[in-house]
Visitor: 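Pasting in a structure now, in structure tokens, and then I'll have a few things to ask.
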Amino acid sequence: MDSSHVYRVARPGRRRSSMSRIVQWSITVALAGFLFGFDTAVISGADKPIQALWGLSDLQHGLLVMSMALWGTVIGAIWGNYPTDRLGRRATLLLIGGLYLISAMGSALASDPYWFSFFRLIGGIGVGVSSVAAPTYISEIAPSERRGLLVGLYQFNVVFGILMAFVSNYVIGALIDGQAWRWMLGVEAVPALIYTLMVLRIPRSPRWLILHRNDTQGAAAVLRQLDPQADVDAQVAAIRAADDSDEQQARPAFFSGRYRLPILLAFLIAFFNQLSGINFIIYYAPRVLEAAQLGSSAALLSTVGIGVINLLFTMLGMALIDRLGRRTLLYIGSVGYIASLVLISRAFFSGDLGGLDVPLLLCLFIAAHAISQGAIIWVFIAEIFPNQVRARGQSFGSSVHWICAACIALLMPTVLGHFNGGPVFAFFAVMMVLQVLFVMFLMPETKGVSLEELQRRLVRGGSDPAAQRRQPARA
């Protein structure tokens with residue numbers, strides 16, 4: 001039986017009550033994304049002051065300051081499936097809050113670049129584990145017809161955190177003279193503490209309880225909270241049936257032919273997410289805007305505008321993801337990516353700088369990302385893997401994402417020291433042309449399909465991606 005059916009048999013009043021509970025828990029878990037976004041973007045305000053303070057070369061600055069959190073994120077993403085599976089989704093989310101708290105306080109108080117990089121590494125580990133545990137948890141409690149929106153709350157909080165980091169950096173930079181960057185980084189401790197206390201109120205994932213603890217009674221209790229009128233026995237049976245199909249295959253290794261299609265899809269969606277240039281823009285927005293001949297204060301203020309655009313179009317992407325589907329949004333976003341990147345590259349090559357053209361085109365780029373890749377990536381990766389290896393698959397896709405991001409953050413100070421923005425933005429534009437080919441020929445539509453049905457389509461019948469795209473998306 002399709003487990004999503006049980007969500008549709010509840011009476012309207014009961015359904016609204018259960019959805020309110022699901023939304024509340026999803027928002028709580030998605031706040032990990034707020035800390036993810038804040039931690040990722042807050043370093044942009046400390047970029048040049050720290051390099052000047054400690055006299056770092058471009059390579060040292062890229063390694064010790066700008067990319068260290070991302071290397072921590074790679075570590076967290078690669079190993080994040082272990083606590084997510086063994087300790088549980090909720091316990092791991094609590095651990096994440098502690099890592100963010102330690103990182104914020106330690107980075108603000110660091111006395112040299114080495115201690116600074118250590119505490120940024122810890123925060124990065126929190127980001128990496130967060131990108132595994134939070135989407136996994138939300139996908140496992142969400143009804144299939146609302147899964148895109150609810151998992152998308154994580155990305156919404158990521159971009160909200162980015163915006164708040166830009167706003168916080170601008171306000172603190174305007175109010176504090178001398179080492180304002182310490183306050184920029186340290187203020188993250190406040191939301192980290194609030195998030196940690198809130199996670200104590202959420203239940204454990206019912207799918208995790210069944211598959212990793214064999215606790216059907218505990219899972220049934222959570223499922224009844226999710227929907228008091230649901231056929232809980234049918235839900236438990238559907239989850240167990242999906243697990244039994246893996247048992248019959250002698251539980252193959254993750255990197256095996258059985259999972260080759262989900263692995264390929266996760267790799268490509270994560271690869272193209274970062275090869276759009278999004279983290280390059282977020283990390284180095286003030287530097288890029290100054291290179292476009294805006295003043296330093298105007299460049300910092302313009303990053304706030306970029307953050308607002310990111311938030312607004314992420315909200316639009318969330319509203320459309322369960323209506324238009326994942327593939328349609330990626331087509332729309334790809335058009336915006338290519339147009340904005342080509343025109344920005346042209347502006348740098350021609351020297352047509354100093355006006356509003358580049359900031360406006362950057363806003364178009366951010367809008368294209370937010371409505372497509374930004375809204376889709378964590379949803380899509382959380383959907384395409386079977387229940388038994390979902391955390392492992394989320395970890396794999398997340399690690400690809402963050403390895404690419406870390407390489408970009410590491411290399412860009414050196415690249416920007418030798419080239420202007422022309423070749424850089426042209427390279428990202430070519431990557432987005434390749435993304436269109438990926439969506440056209442390989443990417444399946446997952447809109448409205450239950451997790452167990454997706455497992456049947458992508459794992460057992462995954463040898464024909466084109467057939468999967470043509471198959472109707474039905475819950």
Visitor: Do the non-hydrogen side-chain atoms of Y100 and I122 ever get within less than 4.5 Å of each other?
Guide: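 Answer no - side chains too far apart.
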
Visitor: Considering only heavy atoms from C-beta outward, does the side chain of M105 approach that of E188 to under 4.5 Å?
Guide: no

Visitor: Compute whether any side-chain donor of one residue and acceptor of the other, for Q388 and Q455, lie under 3.5 angstrom apart.
Guide: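 No.
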
Visitor: Would S130 and Y154 count as having a side-chain donor-acceptor pair, cut-off 3.5 Å?
Guide: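 A donor-acceptor contact under 3.5 Å links the two side chains.
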
Visitor: Side-chain contact test, heavy atoms from C-beta onward, threshold under 4.5 Å: evaluate it for P386 versus Y259 and give yes or no.
Guide: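 The answer is yes; the side chains approach within 4.5 Å.
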
Visitor: Under 4.5 Å between any side-chain heavy atoms of I78 and F396, yes or no?
Guide: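 No, their side chains stay 4.5 Å or more apart.
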
Visitor: Please evaluate residues I125 and T73 with respect to the criterion side-chain contact (heavy atoms from CB on, under 4.5 Å), reporting the C-alpha separation (whole Å), side-chain torsions for both, the decisive distance (0.1 Å), and the verdict.
Guide: CA-CA 5 Å; I125 292 173; T73 302; over 6 Å; no

Visitor: Answer whether the closest heavy-atom distance between the side chains of R90 and P203 falls below 4.5 Å.
Guide: no

Visitor: Let me confirm one number: the CD1-SG distance from I278 to C404, rounded to the nearest 0.5 Å.
Guide: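 Interatomic distance, I278 CD1 to C404 SG, rounded to 0.5 Å: 14.0 Å.
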
Visitor: Apply side-chain contact (heavy atoms from CB on, under 4.5 Å) to the pair M431 and Q435, showing each step before the final yes or no.
Guide: CA-CA 6 Å; M431 292 298 103; Q435 176 177 265; over 6 Å; no

Visitor: Are S131 and W402 close enough that some pair of their side-chain heavy atoms sits under 4.5 Å apart?
Guide: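 Contact flag for S131/W402 side chains = yes.
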
Visitor: Would you sort out whether N387 and E452 count as a side-chain hydrogen bond (donor to acceptor under 3.5 Å, both in side chains), showing the intermediate values?
Guide: CA-CA 8 Å; N387 291 328; E452 286 71 34; 2.7 Å; yes

Visitor: Just how far is it from atom CZ of F365 to atom CG of N310, taken to the nearest 0.5 Å?
Guide: 9.5 Å

Visitor: After noting the C-alpha distance and the side-chain angles of M432 and L341, does the key distance pass the side-chain contact (heavy atoms from CB on, under 4.5 Å) rule?
Guide: CA-CA 9 Å; M432 291 301 92; L341 290 168; 4.0 Å; yes

Visitor: With F34, which residues qualify under ring-ring contact (aromatic ring centres under 6.0 Å, His included), at least two apart?
Guide: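 Testing F34 for ring-ring contact (aromatic ring centres under 6.0 Å, His included), a comparison that skips the adjacent residues, returns F160.
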
Visitor: Is the closest side-chain donor-acceptor distance between R89 and T84 under 3.5 Å?
Guide: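 No pair is found: no donor N or O on one side chain lies under 3.5 Å from an acceptor on the other.
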
Visitor: For the atom pair SG (C407) and CD (Q274), what is the distance rounded to the nearest 0.5 Å?
Guide: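 Reported to 0.5 Å precision, the distance equals 10.0 Å.
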
Visitor: Do the side chains of R390 and E383 get close enough for a salt bridge, i.e. N-O under 4.0 angstrom?
Guide: no

Visitor: Could you go through the side-chain hydrogen bond (donor to acceptor under 3.5 Å, both in side chains) check for R120 and S107 one step at a time?
Guide: CA-CA 6 Å; R120 288 293 293 167; S107 299; 5.1 Å; no

Visitor: Please check if the number of heavy atoms outside F116 that lie under 6.0 Å from its CZ is greater than 12.
Guide: yes

Visitor: If we ignore angles and hydrogens, is there a donor and acceptor under 3.5 Å between the side chains of N81 and Q394?
Guide: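 Side-chain D/A pair, N81 to Q394: absent.
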
Visitor: If you draw a 6.0 Å radius around CZ in R323, do more than 12 non-hydrogen atoms from other residues or ligands fall strictly inside?
Guide: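 Atom CZ in R323 is not packed in, count stays at 12 or less.
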
Visitor: At what distance, to the nearest 0.5 angstrom, does CG of L312 lie from CD1 of I366?
Guide: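 If I round to the nearest 0.5 Å, the distance is 12.5 Å.
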
Visitor: Is there side-chain contact between L451 and F385, with heavy atoms separated by less than 4.5 Å?
Guide: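 In short, these two side chains do not touch, never coming nearer than 4.5 Å.
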
Visitor: Does the R326 side chain pair with the main chain of I376, one donor and one acceptor, at a distance under 3.5 Å?
Guide: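 No, R326 side chain to I376 backbone: no donor-acceptor pair under 3.5 Å.
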
Visitor: If you count the non-hydrogen atoms of other residues, nucleotides and ligands that lie under 6.0 Å from OH in Y114, is the total more than 12?
Guide: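 12 or below, so no.
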
Visitor: CD1/I202 to OH/Y137 distance, rounded to the nearest 0.5 angstrom?
Guide: 4.0 Å

Visitor: Ignoring hydrogens and geometry, is there a side-chain-to-backbone donor-acceptor pair from S340 to G336 under 3.5 Å?
Guide: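 Answer holds: yes.
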
Visitor: Measure the shortest side-chain to side-chain distance between P206 and I141 over non-hydrogen atoms and say whether it is less than 4.5 angstrom.
Guide: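 With C-beta onward as the side chain, the pair touches.
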
Visitor: Flag yes if more than 12 heavy atoms outside R204 fall under 6.0 Å of its CZ atom; otherwise flag no.
Guide: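 No, not enclosed.
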
Visitor: Apply side-chain contact (heavy atoms from CB on, under 4.5 Å) to residues S276 and H369 and explain how you reach the verdict.
Guide: CA-CA 8 Å; S276 69; H369 177 83; 4.0 Å; yes

Visitor: Please round to the nearest 0.5 Å and tell me the distance separating atom CZ of R240 and atom CD1 of I210.
Guide: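 Interatomic distance, R240 CZ to I210 CD1, rounded to 0.5 Å: 6.5 Å.
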
